[in-house]
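Working notes for the structure below.
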Amino acid sequence: MAKTPFLPIRDLVIFPGVVTPIYVGRANSIATLEKAVTNKTKLVLGLQKDPAQENPTFNGDIYEVGVLANIVQIIKIPNNNIKVIVEADSRIKIKKIETIENEYMADYVLLKETANTGAETEAIYRKVFSRFEKYVSMIGKFSSELMLNLKNVENFSNGFDIMASNLNISSDKKQELLEITNVKDRGYKILDNIIEEMEIASLERVIDDKVKNKMNEAQRAYYLKEKISVMKEELGDFSQDDDIIEIVEKLNNTKLPINVKEKLEAEIKKLSKMQPFSAESTVTRNYIEAVLELPWDKTTEDILDLKKASEILERDHYGLKEAKEKVLDYLAVKKLNPSMNGVILCLSGPPGIGKTSLVKSIAESMGRKFVRVSLGGVRDEAEIRGHRRTYVGSMPGKIMRAMKEAGTNNPVILLDEIDKMSNDFKGDPASAMLEVLDPEQNKHFEDHYIDLAFDLSKVFFVATANDLRTVSAPLRDRMEILNLSSYTEFEKTHIAQNYLLKQAKKENGLDKIEVKIADKVIFKLIDEYTREAGVRNLKREIVNICRKLAREVVEKDVKKFNIKASDLEKYLGKPKFRPEKTKKATGKIGVVNGLAWTAVGGVTLDVQGVDVAGKGEVTLTGTLGNVMKESAQVAMTYVKANLKRYIPKDENFFKDRNIHLHFPEGATPKDGPSAGITITTAIISVLTNRKVRQDIAMTGEITITGEVLAIGGVREKVIGAHRAGIKEVILPEDNRKDVDEIPEELKSIMTVHFAKTYDDVEKLVFIK
């Protein structure tokens, strides 16, 4: 036995000595073919028992008898398939088939033929050839050259195989002929098949005559349908597959808008006049099927039970109150006004807080279908709007494909990572999204491929984003923005105990095993192993622990676990972060704790300042944006304008000294005006040689007159300060209203100060 590349064949039996074209389109089959071509080896070909099976398992899915074939020619065709012309040279018996690196390989043995010579074999060959001649004259589809070759054939087995391959019989019957190694017996079997086919051909003539007598000029377009009707009348259950008849029946059975139906009828009329295997015919057929598969009139009935919807949302997610209330508000309005159009929300917040999974729960609570459309990395407008049919390989865009997948015209569609779209020379996909997300325009959304207006107004669109600053203003204007904030350690602990641990136990087969992790252990896990705004890494670490526990269950048959803080290093290795320590009030000159908002939540932003030789200028380093650079200039101007109040340690300070301000983590881009009071404090500290408290953090924009202006992201910044071990924060007076956003558990352990002018800041930050 030899290990040889193997291709599973559908609906085609190849006989030895016959040159046959086959079409290869499946990924594994293409990889196998490429290997055979590279290694210049033969192919083992075997017939699938079930042609509809995309990935045969080879456990009874392939007939044992196949052929060993040579590759004659390879032709690549436009639809990414490959046309291969092969010539089989011998029958084989397939012993074993396996998949090696996505390539099919087979072990086989050659089959020996018997009774290929002798008087009886020659006699039966003549009889079969005589009948085959009559069969050919009835059908009228074979060349005279073929008949001449068969008449003068020297190898009876080869002659029988050529006749068998040209018979209009099923694949199963041809496979039966392939498996007969006794040439004489094969001849008798072919004779039976020819006689049976001649009877059917004779009956078809009668049927054709009957059909033609019934037809008139108006009925010619439906000739094939009438023919099948008469065939059913003559032969009972006999039926024939025909794409056009199926498409017409599907069109008649599908409820479509009038303009859509008229367009499809025109396309079907064009299709009926095309050659069946032409490229244009394939394009037209694919278009018709794509339009018919869209849910033009299929609607899911909404579940308008607010209590049940609330239970589902609370069951799957902790917190996210504003988003849940928005969904319940929508359901209440929908109950009072059933004709209300869909909603367009955008959930904005750091990664890992549950935006995507929340949308799944929204769909379940409403009883609607859920479809996810990934927009990350989309750069081509055609990916949203589709390609025009003039292009090779054209297809509908992501929105229409989502509607097809949903199967209803009112699903919940998740537009994931809408802030990760970009543009290039092929167009701006964000601009294409404007029509999708505009309730006034999406009633008549036109995909370039479908080329028909489709109503998207019933769809509940929910977009997700980490940072809305990268989303264009017109697109933001079309969505209702819901800002989802970072989780505190207390919230993360609750989520871990009530959601993540249960889910991890189920995923790792620990449902019946008792696993306890105390809250203080979860706190240590959060503080020393994750450090994130959401809970994605926390879930990952809990899953890692459960995997270790699963191994202990299998190896040691442990039935109960009580995870302690000291066990974390055993299961997860050394801590990834040093535990935060409460910062002391001891001061440092020129070192100030600021606060910043990033796409992953709030963080502390240190500012470090020193004075160096110069001419009274300020130098900035740390990958800063223009707004932050201007904030530093404003802070410097404010200090110089109030120099009498902030007495320099050297009266000639601004004549021969410069101030260098550095923002650590220099590779990380930083921008925005909210570091104004932080920069001012660092400058004054260096100028006057006064120490700044290290247990306090601040955020706020400063003006040249010393006023402290409001900033955004209060909740995230306070959480970030808490995560860094800081107990006191300074916020602008105008942000006092935003304190309600701060979690109650943080309010009880942190002190929040408010500053209207920089004088209020100065009183708090310097050590007297």
Side-chain angles (χ1 to χ4, degrees), residues 578 580-581 583-596 603-704 706 708 720-721 724-726 728-730 755 758-759 761-768:
R578 287 179 295 178
E580 291 286 1
K581 296 179 181 178
K583 296 196 177 184
K584 298 180 180 179
T586 53
K588 294 182 181 179
I589 296 175
V591 179
V592 187
N593 296 316
L595 294 173
V603 295
T604 55
L605 177 70
D606 292 345
V607 179
Q608 300 172 353
V610 294
D611 65 298
V612 295
K615 296 181 179 180
E617 297 175 352
V618 60
T619 303
L620 306 171
T621 54
T623 318
L624 308 181
N626 291 332
V627 176
M628 186 169 278
K629 290 177 182 177
E630 289 179 357
S631 289
Q633 294 297 332
V634 170
M636 195 66 168
T637 301
Y638 167 74
V639 172
K640 287 182 177 179
N642 294 274
L643 203 58
K644 292 182 180 179
R645 295 174 53 194
Y646 307 115
I647 303 172
K649 59 187 177 184
D650 180 357
E651 61 182 14
N652 295 319
F653 188 93
F654 286 115
K655 293 181 180 178
D656 53 15
R657 309 297 290 174
N658 279 354
I659 294 179
H660 183 164
L661 297 180
H662 177 64
F663 297 76
E665 296 187 24
T668 304
K670 309 168 191 72
D671 202 4
S674 63
I677 62 173
T678 312
I679 296 171
T680 305
T681 302
I683 292 173
I684 293 174
S685 174
V686 173
L687 177 69
T688 62
N689 213 32
R690 295 162 68 186
K691 292 183 178 180
V692 180
R693 288 173 56 189
Q694 299 301 296
D695 63 341
I696 193 168
M698 64 196 74
T699 179
E701 181 180 354
I702 195 167
T703 67
I704 55 176
V708 180
I726 292 171
E728 293 185 46
V729 294
I730 301 175
Y758 186 75
D759 291 343
V761 178
E762 184 190 11
K763 294 173 185 176
L764 295 168
V765 297
F766 291 106
I767 294 178
K768 298 180 181 179

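Computed from a prediction, not measured in an experiment: that's the story for all the values here.
The structure places CD of Gln608 at 10.0 Å from CZ of Phe663, a figure rounded to the nearest 0.5 Å. Rounding to the nearest 0.5 angstrom, the gap separating the CZ atom in Arg690 from the CD1 atom in Ile589 is 11.0 Å. The NZ atom of Lys629 sits 13.5 Å away from the CG atom of Leu661 when rounded to the nearest 0.5 Å. Atom CG of Leu605 sits about 5.5 Å away from atom CE of Met628, to the nearest 0.5 Å. One distance of note links CD1 of Ile702 with OH of Tyr758; it measures 7.0 Å at 0.5 Å rounding. For the atom pair Arg657 CZ and Leu687 CG, the distance stands at 12.0 Å (nearest 0.5 Å).
For the pair Phe653 and Ile659, the minimum side-chain heavy-atom distance is below 4.5 Å. Ile683 is not listed as a side-chain neighbour of Tyr646, based on a closest heavy-atom distance of 4.5 Å or more.
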Stepwise side-chain contact (heavy atoms from CB on, under 4.5 Å) check, Thr604 with Leu595: CA-CA 5 Å; Thr604 55; Leu595 294 173; 4.1 Å; yes
Thr680/Val639 under side-chain contact (heavy atoms from CB on, under 4.5 Å): CA gap, chis, key distance, verdict: CA-CA 7 Å; Thr680 305; Val639 172; 4.2 Å; yes
Criterion side-chain contact (heavy atoms from CB on, under 4.5 Å) on Lys670 and Leu624, from CA distance to verdict: CA-CA 5 Å; Lys670 309 168 191 72; Leu624 308 181; 4.1 Å; yes
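Annotation: Lys649, atom NZ; neighbour count of heavy atoms from other residues, nucleotides and ligands within 6.0 Å is above 12. Under a cut-off of 6.0 angstrom, the local environment of CG in Leu643 is crowded, with over 12 non-hydrogen atoms contributed by other residues, nucleotides or ligands. For Asn652, the CG atom counts as densely surrounded, since its 6.0 Å shell holds more than 12 non-hydrogen atoms of other residues, nucleotides or ligands. More than 12 non-hydrogen atoms from other residues, nucleotides or ligands lie less than 6.0 angstrom from NZ of Lys640.
Closest approach of Gly672 and Val627 over heavy atoms only: C-CG1, 3.6 Å. The shortest non-hydrogen separation linking Gly590 to Ser685 is N-OG, 2.7 Å. The shortest heavy-atom contact between Thr688 and Ile647 is CG2-O, 3.3 Å. Across all their heavy atoms, Asp606 and Pro664 have their closest contact at O-CD, 3.2 Å. Summarising the geometry of Ile726 relative to Ala697, their closest heavy-atom pair is CD1-CB, 3.7 Å, with the distance given to 0.1 Å. Across every non-hydrogen atom of Ala635 and Gly676, the tightest pair is CB-O, 4.3 Å.
Defined by atom type and a distance below 3.5 Å, a donor-acceptor pair is present between the side-chain atoms of His662 and Thr621.
The backbone N or O of Gly616 lies less than 3.5 Å from a partner atom in the side chain of Asn658, making a donor-acceptor pair.
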